[in-house]
Amino acid sequence: MSDPLNNSYYQASANAWKPQPVFNGNGQFDVAIIGGGFTGLSAALACAEKGLKVALFEAQSIGFGASGRNGGQLIPGLRWSMREFDEEFGRERAQAIFDLAYGAVQRVNRRIAKHGIQCDLKAGHLEAAYKPAHFDAMQRDAEFLAKQFGWKSEIVQPHDMGRHINGGGYHGGIYDLQGGHFHPLNYAIGLATAAQNAGVSIFENSPALAIEGNQVCTPSGSVSASHVVLAADSWMGDLDTGLARYTIPIMNYNVATAPLPNAVELLPSDAAVADSRFVLNYFRLSADKRLIFGGGEKYVQTPPADIAAFVRKHIVEVFPSLAETPIDYAWGGAVGVTMNRLPHIGRKGNVFFAHGFSGHGALVTTLAGELLAEAVTGTMARFDVFANLPQRPFPGGRMLARPLATLGLLWYALKDRL
Ligand SMILES: Cc1cc2nc3c(=O)[nH]c(=O)nc-3n(C[C@H](O)[C@H](O)[C@H](O)COP(=O)(O)OP(=O)(O)OC[C@H]3O[C@@H](n4cnc5c(N)ncnc54)[C@H](O)[C@@H]3O)c2cc1C
């Protein structure tokens, strides 16, 4: 039976990719990378560009995780505003975080241009205020970002929102032309192809079962590697139970409608849109003018019996005219979330890891992969900017972490409705 979570528009419109072999036997590499999402692929490509001999192990297929299923929204920065970073860490550290996190946009654009990746890249991202108070806070953040860090975006007054979106009753927004959207699976396939061309050995259907010293063990063989990069995000499982406690997987669902004859009326500037709620609605048009819409979260792993119906409720809140529009694809994935919504990046001996991008990974994972490659080759300064971000595991140990985190998340979800 087909996987109900993997019936994605992205799978149906994926660029050509030749399935790669299962790893079999033994081998010796400079770097063994675990996980074939944006983080692992970017790290693999960057390591190979530095002349290292690299093997990448993917438990399923390239882009199988969040990277091949996400909303494709390219949102500059991290989940915290630069005002929050500045208040928490002071200007010097905030500047270093800004340079990397916002510089991630250029890194993705560079990869797409350099490797000729066909992934329907479009400029323009709109953050839409769900409440007037959200718009006030957004304006303050945008003004701070422009004045202190020189990052310019456009404040869109409520009466001007029709230039970008006709629906949703939003109370203004921030339009950022440096953000945008893309076809995430095709970006992953593009990175994988570039990595292969640079000499990376990619193995699919090859889960890493254990990391033992400098050995990475798979069901049919093991490799030794001077360094291991762990880029398995929310499904790390038993591979490193200590690290796994820093994230919880939150299930999130997406659909793609049939191509819309009135797409340009609904989203005239073709921007990707995300609203300002904790459990947000986010949407955009595909290259063939389908509405790709994500909305609603579930804190249990079992998917809704009817994913399309689950998401349609949220579509209709924004675009009532789409109540009867056919939904051609519905899928879901796990968002790896940390306690403070910042990524968890660091080093444990010879293992370098990056995970928990907390729904903000489409741009920053490419950066993270490149920082992992720098760290592997001994250049730590930029890596440390992220590795020094504060992180702690979810409380409650293996059994209680998820129920306790769920209670907290339900509280924030309730606040959306107040
Ligand atoms: C539904 C959804 C919508 C999202 N929307 C957005 C968005 O619009 N914008 C945005 O910025 N972010 C979004 N995100 C988040 C973003 O997709 C992720 O932050 C990002 O893709 C994480 O990339 P990654 O490479 O770290 O992890 P993944 O893409 O999850 O890759 C990890 C890979 O590791 C593999 N793996 C796991 N265990 C092993 C093992 N033992 N051995 C070998 N391989 C293993 C998995 O199969 C997987 O392919 C969304 C996420 C989801 C799920």
Side-chain angles (χ1 to χ4, degrees), residues 70-81 84 122 124-142 145 153-181 250-257 260 263 265-286 290-298 310-323 332-333 335 337 341 357-363 409-418:
N70 64 58
Q73 306 234 340
L74 303 173
I75 312 169
L78 295 166
R79 281 294 281 264
W80 289 21
S81 70
E84 289 170 302
K122 283 271 175 160
H125 188 273
L126 179 74
E127 188 188 6
Y130 183 64
K131 294 178 182 175
H134 295 178
F135 185 44
D136 295 342
M138 278 178 192
Q139 288 183 79
R140 283 197 300 277
D141 285 344
L145 193 55
S153 50
E154 186 195 332
I155 294 170
V156 185
Q157 296 299 329
H159 62 265
D160 265 346
M161 288 290 277
R163 283 198 288 120
H164 299 291
I165 174 165
N166 285 303
Y170 295 114
H171 299 271
I174 305 296
Y175 179 66
D176 189 341
L177 205 46
Q178 293 155 96
H181 52 107
I250 296 188
M251 298 308 294
N252 196 267
Y253 300 97
N254 275 229
V255 301
T257 65
L260 300 175
E265 257 164 59
L266 301 181
L267 293 165
S269 65
D270 203 0
V273 182
D275 77 23
S276 57
R277 280 183 288 186
F278 183 75
V279 181
L280 72 166
N281 288 330
Y282 55 98
F283 42 91
R284 66 186 185 88
L285 296 174
S286 63
R290 299 167 187 275
L291 184 72
I292 306 230
F293 193 104
E297 284 182 342
K298 267 185 146 286
F310 178 81
V311 177
R312 190 190 286 280
K313 289 195 302 269
H314 300 281
I315 297 184
V316 173
E317 285 167 17
V318 182
F319 300 118
S321 64
L322 301 185
V335 183
V337 172
R341 304 288 185 277
F357 295 90
S358 304
H360 235 74
L363 286 169
L409 293 165
L410 285 169
W411 161 246
Y412 281 108
L414 179 68
K415 278 178 56 180
D416 278 345
R417 290 185 218 116
L418 299 177

Q: Could you tell me whether the side chain of V273 reaches within less than 4.5 Å of the side chain of L267, counting heavy atoms only?
A: yes
**Q.** Minimum-distance pair of heavy atoms, taken over all atoms of N281 and G295
**A.** OD1-CA, 3.6 Å
Q. Would F357 and L78 satisfy side chain to side chain contact (heavy atoms under 4.5 Å, CB included), going step by step from the backbone distance to the final call?
A. CA-CA 8 Å; F357 295 90; L78 295 166; 5.9 Å; no
Q) If you round to the nearest 0.5 Å, how far is CG of L260 from CD of E265? A) 10.5 Å
Q. Which atoms form the tightest heavy-atom contact between L322 and R312, and what is the distance?
A. O-NH1, 3.0 Å
Q.
Rounded at 0.5 Å granularity, tell me how far OH in Y175 sits from CE in M161.
A. 12.0 Å
**Q.** Side-chain heavy-atom pair F293, T257 within 4.5 angstrom cut-off
**A.** no
Q: Show your reasoning for whether side chain to side chain contact (heavy atoms under 4.5 Å, CB included) applies to V255 and I315.
A: CA-CA 10 Å; V255 301; I315 297 184; 3.7 Å; yes
Q) At their closest point, which heavy atom of G162 faces which heavy atom of P268, and how far apart are they? A) O-CG, 3.4 Å
Q.
Just verifying a value: how many Å separate L74 CG and R284 CZ, rounded to the nearest 0.5 Å?
A. 8.5 Å
Q) What pair of heavy atoms forms the shortest contact from A142 to I155, and how long is it? A) CB-CG1, 4.4 Å
Q. So, R277 and E317, do they make that salt bridge, N to O below 4.0 Å?
A. yes
Q. Could you go step by step and tell me if H164 and V156 meet the side chain to side chain contact (heavy atoms under 4.5 Å, CB included) rule?
A. CA-CA 9 Å; H164 299 291; V156 185; 4.1 Å; yes
Q) Any side-chain heavy atom of L145 sitting closer than 4.5 Å to one from S81? A) no
(Q) Once rounded to the nearest 0.5 Å, what's the spacing between atom CD1 of I292 and atom OG of S286? (A) 5.0 Å
Q. What is the distance from atom OG of S269 to atom CD1 of I165, rounded to the nearest 0.5 Å?
A. 9.0 Å
(Q) Could you go through M138 and E127, starting from their C-alpha distance and side-chain angles, then the distance that decides it, and tell me whether this counts as side chain to side chain contact (heavy atoms under 4.5 Å, CB included)? (A) CA-CA 9 Å; M138 278 178 192; E127 188 188 6; 3.6 Å; yes
(Q) What I'd like to find out is whether the side chain of Y130 reaches to under 4.5 Å of the side chain of L280, using heavy atoms alone. (A) no
Q: On the 0 to 90° scale, with breaks at 30° and 60°, tag the F283-F319 ring pair as parallel, tilted or perpendicular.
A: perpendicular
Q. Quick one: are V335 and S358 in side-chain contact, heavy atoms under 4.5 Å?
A. no
Q.
Any donor-acceptor pair under 3.5 Å linking the side-chain atoms of R79 with those of H360?
A. no
**Q.** Rounded distance [0.5 Å steps], NE2 in H125 versus CD in Q73
**A.** 4.0 Å
Q. Can you name the closest pair of heavy atoms from S276 and K131 and give their distance?
A. OG-N, 4.4 Å
Q: Verify the distance criterion only: is there a donor paired with an acceptor across the side chains of Y282 and N252 at less than 3.5 Å?
A: yes
Q) Are any of the side-chain heavy atoms of F135 and Q157 separated by less than 4.5 Å? A) yes
